[in-house]
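What follows is a set of notes on a single structure, which appears directly below.
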2 protein chains.
Amino acid sequence: MKITYKGDYSLKAILDLALHYNKGVLPIQELAKKGDIPFKFLEQILLTLKKGGFVDSKRGVDGGYFLARPPETITVGEVVRFIEGPIEPVACANKDSYEKCKDFPYCVFKDIWSHVYTATSLVVDTVTFAELVRRVEALKNSNIETPYYI
Amino acid sequence: MKITYKGDYSLKAILDLALHYNKGVLPIQELAKKGDIPFKFLEQILLTLKKGGFVDSKRGVDGGYFLARPPETITVGEVVRFIEGPIEPVACANKDSYEKCKDFPYCVFKDIWSHVYTATSLVVDTVTFAELVRRVEALKNSNIETPYYI
DNA sequence: TATAATCTATACCAAGTTAATAGAGATTAT
DNA sequence: ATAATCTCTATTAACTTGGTATAGATTATA
């Protein structure tokens, strides 16, 4: 699994929308500013996330984006898989792709990739955006200095 | 961590050399044939691995490559890091890169990437090529059908 | 109804990476 | 001498990444 800027920006935007869940829309401009994300790039990303059912939007004046599903139901892993593709280090780590590799029955590496895949999934598929919101709130209430915008 | 063909070929070649450790050299031609690897591509890869101190070579007639270090001392993780670069999903997962990210103190994602990094390292840094050789030998002695070349 | 703010859609592009291929040269056993 | 082998550098086609550009559609509100 490798996280590109596109994935990073996606996660940041969704977290911002989760922090604003049930509180109306947030325009792209604001999300871009908050996340220090190039505006036109974020436009594309949000359109993709909309097609993926993660977010929804309202057009026109006072328009913007909002989370299409409750934060408890969205995991980091789901977003990463949607934006970045499969999280396994090689295709054969996924059981569905086993048969594609001619070396499958006797390859001593496949167990390694499977273990990496399992361990990675365990992390990213168990963290929801509701949990991330709680962590942000905890940071807000701590004495750690946070930028004004959180 | 993503494994490219270069990484895959590197691991296969080193495993073949580990299976032949202390038994003379193996020419690139043979390694390429065994691993189903494009000859000229493998030439480049082995030169890189030689510069990395993993393998060494003998030129001329009856020349070839051999493992430069005992199989017990080479881990999958070391080869992957050398060929593919850092295994963490984002730079900030590495403690040395923390300060590069302006969001570091309050980013709620960095723990996720750190956990992925730790879990991945635990897998790839604990498997040596001596262990892989043992697994290949075990497969040989099992009733699983293996291609003649192992 | 005009306008400005906002999202939608598609095209384009520069730089870098990947997975090779090509060819000329150096070394060495026989 | 020669053939087998490694060494080194250049080249390339296809793809990915991280954007930018432009034109259009929608909608609140003055």
Side-chain angles (χ1 to χ4, degrees), chain A residues 1-13 16-17 20 24-68 80 82-86 89-91, chain B residues 1-13 16-17 20 24-68 80 82-86 89-91:
Chain A
M1 182 180 60
K2 191 183 148 228
I3 306 299
T4 65
Y5 274 94
K6 193 175 174 188
D8 182 46
Y9 294 161
S10 299
L11 293 168
K12 278 186 184 169
D16 274 336
L17 294 176
H20 208 250
V25 303
L26 287 176
I28 305 178
Q29 280 290 6
E30 200 173 328
L31 290 166
K33 202 175 168 190
K34 279 188 183 183
D36 198 22
I37 304 169
F39 173 72
K40 296 299 285 179
F41 196 19
L42 185 55
E43 265 189 340
Q44 284 182 51
I45 292 170
L46 286 169
L47 275 179
T48 303
L49 290 173
K50 184 179 177 180
K51 283 175 191 153
F54 295 96
V55 302
D56 205 347
S57 62
K58 178 170 175 286
R59 286 165 79 148
V61 174
D62 291 333
Y65 276 88
F66 56 96
L67 214 56
V80 170
F82 179 72
I83 291 293
E84 309 277 16
V90 287
Chain B
M1 182 180 59
K2 190 181 149 231
I3 305 300
T4 65
Y5 274 94
K6 193 175 174 187
D8 182 45
Y9 295 161
S10 298
L11 294 168
K12 278 186 185 170
D16 274 335
L17 293 175
H20 207 251
V25 303
L26 287 176
I28 304 179
Q29 280 290 4
E30 199 173 328
L31 289 167
K33 202 174 166 190
K34 280 188 183 183
D36 199 22
I37 303 169
F39 173 71
K40 296 298 284 179
F41 195 19
L42 185 54
E43 265 188 341
Q44 284 182 52
I45 292 170
L46 286 168
L47 274 179
T48 303
L49 290 172
K50 183 177 176 180
K51 283 174 191 154
F54 295 96
V55 303
D56 205 347
S57 61
K58 179 170 176 285
R59 287 164 80 145
V61 175
D62 292 333
Y65 275 88
F66 55 96
L67 214 56
V80 169
F82 179 72
I83 292 293
E84 309 277 15
V90 287

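Lettering follows sequence order; numbering is per chain, from 1.
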Legend entry - Counter-base of C/dT30, judged by Watson-Crick or G-U geometry with both distances under 3.5 Å: D/dA1
Legend entry - N/O (side chain, B/Tyr5) to phosphate O (OP1/OP2, D/dC15) under 4.0 Å: no
Inset, instruction - Would you indicate, yes or no, if C/dA19 has its OP1 or OP2 atom less than 4.0 angstrom from a side-chain nitrogen or oxygen of B/Thr4? - result: yes
Inset, instruction - Using a cut-off of 6.0 Å, state whether more than 12 heavy atoms not belonging to A/Phe66 lie near its atom CZ. - result: yes
Legend entry - Nearest-Å distance for atom pair CD/P, residues B/Glu30 and D/dA4: 15 Å
Legend entry - Side-chain N or O of A/Ser57 closer than 4.0 Å to phosphate OP1/OP2 of C/dT6: no
Legend entry - Length of the CG-P vector between A/Asp62 and C/dA5, whole Å: 11 Å
Inset, instruction - Using a cut-off of strictly less than 4.0 Å between a heavy atom of the residue and any atom of DNA chain C, enumerate the qualifying residues of residues 40-51 of chain A by number. - result: A/Lys40, A/Glu43, A/Gln44, A/Leu47, A/Lys50
Inset, instruction - Side chain of B/Ile28 only, please: which of C/dA29, C/dA20, D/dC6 is the nearest? - result: D/dC6
Inset, instruction - For A/Ile83 and D/dG18, give me the distance from atom CD1 to atom P, rounded to whole Å. - result: 12 Å
Inset, instruction - Answer yes or no: is there a side-chain heavy-atom contact under 4.5 Å between A/Val80 and A/Ile3? - result: yes
Inset, instruction - Determine the sole option in B/Val25, B/Leu46, B/Asp16, B/Asp56 for which the side chain to side chain contact (heavy atoms under 4.5 Å, CB included) test with B/Tyr65 is passed. - result: B/Leu46
Inset, instruction - Could you tell me whether the side chain of A/Leu31 reaches within less than 4.5 Å of the side chain of A/Leu17, counting heavy atoms only? - result: yes
Legend entry - Distance, rounded to the nearest Å, where A/Arg59 contributes CZ and C/dA4 contributes P: 19 Å
Inset, instruction - Ignoring backbone atoms, establish whether B/Tyr9 has a side-chain N or O less than 4.0 Å from OP1 or OP2 of C/dT18. - result: no
Inset, instruction - Please check if the side chain of A/Glu84 supplies one atom and the backbone of A/Thr4 the other of a donor-acceptor pair under 3.5 Å. - result: yes
Legend entry - Atom pair distance, as rounded to whole Å: NZ in A/Lys58 and C1' in C/dC7: 11 Å
Inset, instruction - Return the 5'-most residue of the pair B/Val61, A/Pro27 with respect to DNA chain C, ranking by each residue's nearest nucleotide. - result: A/Pro27
Legend entry - Heavy-atom neighbours of A/Phe82 CZ exceed 12 at 6.0 Å: yes
Inset, instruction - Kindly indicate whether the side chain of B/Phe39, heavy atoms from C-beta on, has any atom under 4.5 Å from the side chain of B/Gln29. - result: yes
Legend entry - Value in whole Å for how far the C1' atom of D/dA4 lies from OH of B/Tyr65: 14 Å
Inset, instruction - Would you indicate what B/Gly60 reaches in the nucleic acid, counting non-hydrogen atoms under 4.0 angstrom: base, sugar-phosphate, or nothing? - result: base
Inset, instruction - Find the distance B/Leu26:CG to D/dA4:P and express it as a whole number of Å. - result: 18 Å
Inset, instruction - Would you classify B/Phe39 as touching base, sugar-phosphate or nothing, given that sugar-phosphate means primed atoms plus P, OP1 and OP2, and contacts are heavy atoms under 4.0 Å? - result: nothing
